[in-house]
Chemist: 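The structure's right below; bear with me while I get my questions together.
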There are 2 protein chains.
Amino acid sequence: MEFAMDISSKTRSVRDVVYEKLKEAIIVGEYKPGFHLNERQLAEQFMISTTPLKEAMRRLEQEGLIITRPRVGSFVSDDVMVSIEEINLIRSAVEGIAARLAATKINDDEISQLEETLKEMERYTKERNPEKTLEMNAYFHKLIAILAKNNYVYKQIEAIRSFDLGPKNKILSNPEELDRALREHQLIFKMISMRDPDGAENAVRSHIHRSTTFILNTKK
Amino acid sequence: MEFAMDISSKTRSVRDVVYEKLKEAIIVGEYKPGFHLNERQLAEQFMISTTPLKEAMRRLEQEGLIITRPRVGSFVSDDVMVSIEEINLIRSAVEGIAARLAATKINDDEISQLEETLKEMERYTKERNPEKTLEMNAYFHKLIAILAKNNYVYKQIEAIRSFDLGPKNKILSNPEELDRALREHQLIFKMISMRDPDGAENAVRSHIHRSTTFILNTKK
DNA sequence: TATCTCAGTTTTGTATACAAAAGTTAAAGG
DNA sequence: CCTTTAACTTTTGTATACAAAACTGAGATA
């Protein structure tokens, strides 16, 4: 399976690596809200200079994960720990727009490509292979983001997805959930291939919303 | 050269100023899609070093406005010129979520604050003062973004809003449009103050959507 | 006691130097 | 004539040095 828009494999510059490390550390709570990300200290820890560190921090700042007070320092944002529910609200909204755009722009070749992905997902779901199914699940969503043909939308979705670091996968591996998700993905595909923007947006929104509430309810 | 003077502002750092300058230049089309943002060349033009320039570029990269190929350069993204329609789709989706969150979190003091803003907008609308009305319009939307109490959402909305640089204001100064917008804002306020998340989200979405199509239809 | 001042410390902001990768061109070899 | 290769050029990536703003705290003063 080749990923059409894989940007990360070859570009492993220091600034990218440290960006990912810092982001993960913030999201998993290793750096707690309010924590001072001391430039020199971090540079020493990572054994790098401040230049790539600064570049990574500007990206985190742009995402709202850290707040920088000039000449004082960068601090982990107080409301990084927005609930999974809120993050997924935004995700469902933006991915919904992606589906809408994809429905208006998709061509026949791309419909085949999307269908191929769906078929593969169906196969893995019937084989009860949760790992592969979830992998195809992620790719299906990513493909829609690509088919929106709007780099801004794509970037936003990737940024939001990187917040997912929890034990989500175990929950979603529930067989009934996999079947439900498959049916919803089939609906999404149908709407996009029919070039129905409203239908596509709604299908994605309700899918993400339902799947999120499922996770929340299962957790407790 | 012509940019150098503006950097004298002491309150903001060079990296922030140059970020805004570059962003505006990209949005208004001064730097066209595919244009190579040469680090050293730009640094010379702005009469600054490459460090703050790099930091600004990482923010633009994070936003998807430029694409950086390692050791090659940063280039204005090919699809920066997404139509005003697409930008506003995303905006309506994210501001819709902001309204939803605001409806679930708002307290009585904040309802008064929002009402105050609305009343001021009513006054200016009745006085037929388009400039002030639009100013309050912007503030009303911003206040909702703040009341969502989610820094991520706030940041996204601010980032999207910065794309607005067109002759939008003239179109929106149409008296009928101002009246229509006022009624819609009243509905939005009502929904949020009633703590109705669905109603609030729908009200914002349809308001932004209608107002956008009005602009598009008026333009031609 | 409370507040103001000012020097000392901390921390980031910016500039510059150098290293390394990618791109380019032209000559050599088939 | 086309392809390969290797030197050369261009451009970014990273490290380091220094400047400047913000914070801190002790001592003076009202």
Side-chain angles (χ1 to χ4, degrees), chain A residues 6-23 25-26 31-78, chain B residues 1 3-23 25-26 31-78:
Chain A
D6 198 340
I7 350 177
S8 57
S9 33
K10 277 202 169 178
T11 75
R12 300 291 296 173
S13 54
V14 171
R15 67 174 175 225
D16 290 338
V17 174
V18 77
Y19 161 76
E20 285 162 20
K21 279 190 181 172
L22 288 176
K23 181 166 183 174
I26 292 169
Y31 296 148
K32 298 202 168 13
F35 180 77
H36 180 194
L37 295 165
N38 185 303
E39 257 182 25
R40 287 194 148 67
Q41 198 176 303
L42 286 173
E44 205 173 333
Q45 269 182 37
F46 288 118
M47 300 204 292
I48 59 172
S49 76
T50 60
T51 311
L53 191 61
K54 281 171 157 304
E55 295 185 78
M57 299 230 275
R58 294 297 82 74
R59 290 181 62 190
L60 295 170
E61 186 184 6
Q62 186 65 23
E63 273 186 298
L65 265 62
I66 69 176
I67 289 168
T68 301
R69 296 172 53 200
R71 303 277 181 189
V72 178
S74 294
F75 303 84
V76 176
S77 178
D78 285 333
Chain B
M1 43 196 288
F3 295 114
M5 299 298 290
D6 299 329
I7 288 173
S8 57
S9 157
K10 304 250 171 176
T11 46
R12 285 221 291 265
S13 52
V14 170
R15 66 173 176 228
D16 290 339
V17 175
V18 77
Y19 161 76
E20 284 162 19
K21 291 256 171 233
L22 288 176
K23 181 167 183 175
I26 292 169
Y31 296 147
K32 299 202 166 14
F35 180 77
H36 180 195
L37 295 164
N38 184 303
E39 256 182 25
R40 287 194 145 68
Q41 197 176 303
L42 286 172
E44 205 173 334
Q45 270 183 35
F46 288 119
M47 301 203 292
I48 60 174
S49 75
T50 60
T51 312
L53 191 61
K54 281 172 158 301
E55 295 185 77
M57 299 230 275
R58 293 299 80 74
R59 290 181 62 190
L60 296 169
E61 186 185 5
Q62 187 65 24
E63 274 186 298
L65 264 64
I66 69 176
I67 289 168
T68 300
R69 296 172 55 200
R71 304 275 181 191
V72 179
S74 294
F75 303 84
V76 177
S77 179
D78 285 332

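Small disclaimer: the values here were computed from a predicted structure and weren't measured. All chains are named by letter (A, B, ...) in the order of the sequence lines, taking the proteins before the strands, and each is independently numbered beginning at 1.
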Chemist: Find the distance A:R12:CZ to D:dT14:C1' and express it as a whole number of Å.
Modeler: 17 Å
Chemist: Please tell me if the side chains of A:Y19 and A:E63 come closer than 4.5 Å, counting only heavy atoms from C-beta onward.
Modeler: yes
Chemist: Considering all heavy atoms of both residues, which atom of A:R59 and which atom of B:R58 are nearest to each other, and what is their separation?
Modeler: CG-O, 3.6 Å
Chemist: Should stems be defined as at least three consecutive Watson-Crick or G-U pairs with both distances under 3.5 angstrom, which of them involve DNA chain C?
Modeler: C:1-30 with D:1-30
Chemist: Expressed as a whole number of angstroms, how long is the span from A:R71:CZ to D:dC23:C1'?
Modeler: 13 Å
Chemist: Might you point out which heavy atoms bring A:G34 and A:F75 nearest each other, and give the distance in Å?
Modeler: O-CD2, 3.5 Å
Chemist: What is the separation between atom CD on A:E44 and atom P on D:dA15, rounded to the nearest whole Å?
Modeler: 13 Å
Chemist: Evaluate the side chain to side chain contact (heavy atoms under 4.5 Å, CB included) criterion for residues A:V76 and A:K32: first the C-alpha distance (whole Å), next the side-chain angles of each, then the deciding distance (0.1 Å), finally the verdict.
Modeler: CA-CA 7 Å; A:V76 176; A:K32 298 202 168 13; over 6 Å; no
Chemist: In whole angstrom, give the distance that lies between atom CG of B:N38 and atom P of C:dG23.
Modeler: 15 Å
Chemist: Does any residue of residues 50-66 of chain A have a heavy atom under 4.0 Å from DNA chain D, and if so, which ones, in number order?
Modeler: A:T50, A:T51, A:P52
Chemist: For B:F46 and C:dA15, give me the distance from atom CZ to atom P, rounded to whole Å.
Modeler: 13 Å
Chemist: Scan residues 44-70 of chain A for pairs that pass ring-ring contact (aromatic ring centres under 6.0 Å, His included), counting only residues two or more places apart or in two chains.
Modeler: none
Chemist: Between A:R69 and A:S74, does any side-chain donor sit less than 3.5 Å from a side-chain acceptor?
Modeler: no
Chemist: Starting at CD of A:E39 and ending at P of D:dA17, how long is that distance when rounded to a whole Å?
Modeler: 16 Å
Chemist: Take the protein atom NE2 of A:H36 and the nucleotide atom P of D:dA22, then report the distance between them rounded to whole Å.
Modeler: 15 Å
Chemist: Hydrogens and angles aside, do A:T51 and A:R15 bring a side-chain donor and acceptor to less than 3.5 Å of each other?
Modeler: no
Chemist: Among D:dA15, C:dG23, C:dA21, which nucleotide has an atom closest to any side-chain atom of B:R69?
Modeler: C:dG23
Chemist: Can you check the B:F75 CZ to C:dA22 C1' distance for me, whole Å?
Modeler: 11 Å
Chemist: With a cut-off of less than 4.0 Å, is there a side-chain N or O of B:S49 near OP1 or OP2 of C:dA15?
Modeler: yes
Chemist: Indicate whether OP1 or OP2 belonging to C:dG13 is found under 4.0 Å from a side-chain N or O atom of B:R15.
Modeler: yes
Chemist: Can you name the closest pair of heavy atoms from B:V72 and B:H36 and give their distance?
Modeler: O-NE2, 3.9 Å
Chemist: Between A:V18 and A:P52, which heavy-atom pair has the shortest distance, and what is it?
Modeler: CG1-O, 4.1 Å
